[in-house]
Amino acid sequence: MPELPEVEVVRRGLGRFVVHRRVAAVDVRHPRAVRRHAAGPVDFVDRLTGRTVLAARRRGKYLWLPLDDGSALVAHLGMSGQLLVQPSSAGDETHLRVRMTFADGGRELRFVDQRTFGGLHVEATEGTDGIPRSVAHIARDPLDPEFDDEAFVRALRRRNTGVKRALLDQTLLSGVGNIYADEALWRTRLHGERPTRTLRRTDAVALLAAVRDVMTLALAQGGTSFDSLYVNVNGESGYFERSLTAYGRAGEPCARCGTPIRREAFMNRSSYSCPGCQPRPRPRRRS
DNA sequence: CACTCAACCTGCCGGC
DNA sequence: TGCCGGCAGGTTGAGT
């Protein structure tokens, strides 16, 4: 479910409900959920027990909780992961993978993940920026104050691929997934298979602005639905859906020109775009 | 080095 | 009803 805005909503929830608390106990209910913790589930539990959570951080779609011994609990939600803050009296979720209780006896933190593409692990953080090594390859995201717009524009135009593939490459910029890629492309009137080499500078600048705009808008909406409690922070929230202009809207009229939105297969998934506003690029002979 | 794609899972939905 | 194919907001690592 989660792209940057959704993950950021989760991060804020963790910041509010988990930071400054000391871990009392951890129960790994499904080893696959901690498969990226190379030393195994027992070590995972050992490294967390007794630690205090210092903060809740994020880069792109990765989350991590720095701990008081210099390590961090790193989380990726994958396609279906959720981090829920639940009273201990709440019954186990069907896909509950990891449960963490705290010394203050308050609400638990639960990792719930149907498809188990997501997971948790503990690792050291390094350097002054405190980025876990497993996250180091992820580029800054467009909402990061230190994101370098100029460097992105240059790198994008230097790529030799389709613009949507580039947007989804988390080492070029992070946080963009299938939905926001399609939304940003629609806003910029670009077809996802437009070769990055043919983008004008202004196209690249506009595309980045569109990514930022759509993410900021989605985040504002997600933030509103959040304050009740964590349960609302899952893909089920129909909140974002309302403002989507292309993604998932095959057959519906384009909000700009009325042409029915098309759906095309793309990398084992789908792309949605407007045939009127986003014409397929003409195949060019390579030079 | 840059790029592409299958594999990793489970559940749901529509068609037969 | 039940079975089957297709599809789902992501990432990695092997292969070209």
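Heavy-atom basis, side chains included; hydrogens, waters and symmetry copies ignored. Chain A is the first sequence line, chain B the second, and so forth, proteins listed ahead of strands; every chain is numbered from 1.
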**Student:** Quantified in whole Å, what is the P atom distance between nucleotide C/dG5 and nucleotide B/dA7?
**Tutor:**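 Their P atoms lie roughly 16 Å apart.
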
**Student:** State which residue, out of A/Arg32, A/Arg35, A/His95, A/Arg97, fulfils the side chain to side chain donor-acceptor pair (under 3.5 Å) condition with A/Thr116.
**Tutor:** A/Arg32

**Student:** Go through the steps to decide whether A/Val176 and A/Met215 satisfy the test side-chain contact (heavy atoms from CB on, under 4.5 Å), and finish with yes or no.
**Tutor:** CA-CA 9 Å; A/Val176 180; A/Met215 281 183 168; 3.6 Å; yes

**Student:** Quick one: label A/Tyr62 by what it contacts on the DNA or RNA (base, sugar-phosphate, nothing), any heavy atom closer than 4.0 Å.
**Tutor:** sugar-phosphate

**Student:** Between B/dG11, B/dC3, C/dA8, which one does the side chain of A/Thr161 approach most closely?
**Tutor:**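 Nearest to the side chain of A/Thr161 among the choices is B/dC3.
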
**Student:** I need the CG-C1' distance between A/Leu156 and B/dA2, as an integer number of Å.
**Tutor:** 15 Å

**Student:** Using the P atom as the point on both nucleotides, what is the distance between C/dG6 and B/dA6, in whole Å?
**Tutor:**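 After rounding to an integer number of Å, I get 14 Å for this pair.
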
**Student:** Nearest whole angstrom, please: distance from the C1' of B/dC9 to the CD of A/Gln82.
**Tutor:**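 That distance rounds to 16 Å.
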
**Student:** Is a donor on one side and an acceptor on the other found under 3.5 Å between the side chain of A/Arg21 and the backbone of A/Phe17?
**Tutor:**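 Between the backbone of A/Phe17 and the side chain of A/Arg21 there is a qualifying donor-acceptor contact (under 3.5 Å).
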
**Student:** Just how far, in rounded Å, is P of B/dT10 from CZ of A/Arg97?
**Tutor:**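 About 8 Å, once rounded to whole Å.
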
**Student:** Mind calculating the distance between CG (A/Leu96) and C1' (B/dT10) to the nearest angstrom?
**Tutor:** 16 Å

**Student:** Give one of base, sugar-phosphate or nothing for A/His137, where a contact means two heavy atoms less than 4.0 Å apart.
**Tutor:** sugar-phosphate

**Student:** Would you say A/Phe117 stacks on B/dC8, if stacking means ring centres under 5.5 Å apart and planes within less than 30 degrees?
**Tutor:**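 So yes, this residue stacks on that base, both cut-offs being met.
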
**Student:** Measuring to OP1 and OP2 of C/dT11, would you say a side-chain N or O of A/His76 lies under 4.0 angstrom away?
**Tutor:**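 Looking at the OP1 and OP2 atoms of C/dT11, one of them is under 4.0 Å from a side-chain N or O of A/His76.
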
**Student:** On DNA chain B, nearest-nucleotide positions of A/Asn160 versus A/Arg32: which is more 5'?
**Tutor:**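 The residue whose closest nucleotide sits nearer the 5' end is A/Asn160.
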
**Student:** Under a 4.0 Å threshold between the charged nitrogen and the carboxylate oxygen, would A/Asp182 count as salt-bridged to A/Arg269?
**Tutor:**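 The answer is no: the pair does not qualify as a salt bridge.
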
**Student:** In this structure, which one of A/Ser271, A/Ser273, A/Ser270 forms a side chain to side chain donor-acceptor pair (under 3.5 Å) with A/Arg263?
**Tutor:**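 Running side chain to side chain donor-acceptor pair (under 3.5 Å) over A/Ser271, A/Ser273, A/Ser270 with A/Arg263 returns exactly one hit, A/Ser270.
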
**Student:** Check every strand shown and say whether A/Arg263 touches a base, only sugar-phosphate, or nothing at a heavy-atom separation below 4.0 Å.
**Tutor:** sugar-phosphate

**Student:** Rounding to an integer number of Å, can you tell me how far A/Met267 CE sits from C/dC7 P?
**Tutor:**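 Spelled out: CE on A/Met267 to P on C/dC7 is 16 Å.
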
**Student:** Using whole Å, what does the distance between atom P of nucleotide C/dG5 and atom CG of A/Asn268 come to?
**Tutor:**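 In whole Å, C/dG5 P lies 16 Å from A/Asn268 CG.
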
**Student:** Rounded off to whole Å, could you give me the CG-to-C1' distance for the A/Leu168 and B/dC5 pair?
**Tutor:** 14 Å

**Student:** Any idea how A/Phe152 and A/Phe147 line up, ring-wise: parallel (<30°), tilted (30 to 60°), or perpendicular (>60°)?
**Tutor:** tilted

**Student:** For B/dC5, does OP1 or OP2 lie under 4.0 Å from any side-chain N or O of A/Arg165?
**Tutor:**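 True: A/Arg165 side-chain N/O within range (under 4.0 Å) of B/dC5 OP1/OP2.
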
**Student:** At less than 4.0 Å, is any side-chain N or O atom of A/Gln170 found next to OP1 or OP2 of C/dT11? Yes or no.
**Tutor:**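 Looking at the OP1 and OP2 atoms of C/dT11, one of them is under 4.0 Å from a side-chain N or O of A/Gln170.
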
**Student:** Take the protein atom OH of A/Tyr180 and the nucleotide atom P of C/dG10, then report the distance between them rounded to whole Å.
**Tutor:**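 Checked: the OH to P distance equals 10 Å.
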
**Student:** Using side-chain contact (heavy atoms from CB on, under 4.5 Å), reason through A/Leu207 and A/Leu185 one step at a time and then give a plain yes or no.
**Tutor:** CA-CA 7 Å; A/Leu207 181 60; A/Leu185 290 166; 4.0 Å; yes

**Student:** For C/dA8 and A/Ser270 - does any side-chain N or O of the residue sit under 4.0 Å from the phosphate oxygens OP1/OP2?
**Tutor:**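 Yes, A/Ser270 has a side-chain N/O under 4.0 Å of OP1/OP2 on C/dA8.
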
**Student:** Looking only at the side chains, is there a donor atom on one of A/Ser134 and A/His121 sitting less than 3.5 Å from an acceptor on the other?
**Tutor:** yes

**Student:** For a quick check of understanding: with a heavy-atom distance under 4.0 Å over all strands, which category does A/Arg269 fall into, base, sugar-phosphate or nothing?
**Tutor:**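 A/Arg269: base contact, heavy atoms under 4.0 Å.
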
**Student:** Dot-bracket for DNA chain C, 5' to 3', counting Watson-Crick or G-U wobble pairs under 3.5 Å, with [ ] for crossing pairs and | for inter-strand pairs?
**Tutor:** .|||||||.|||||||

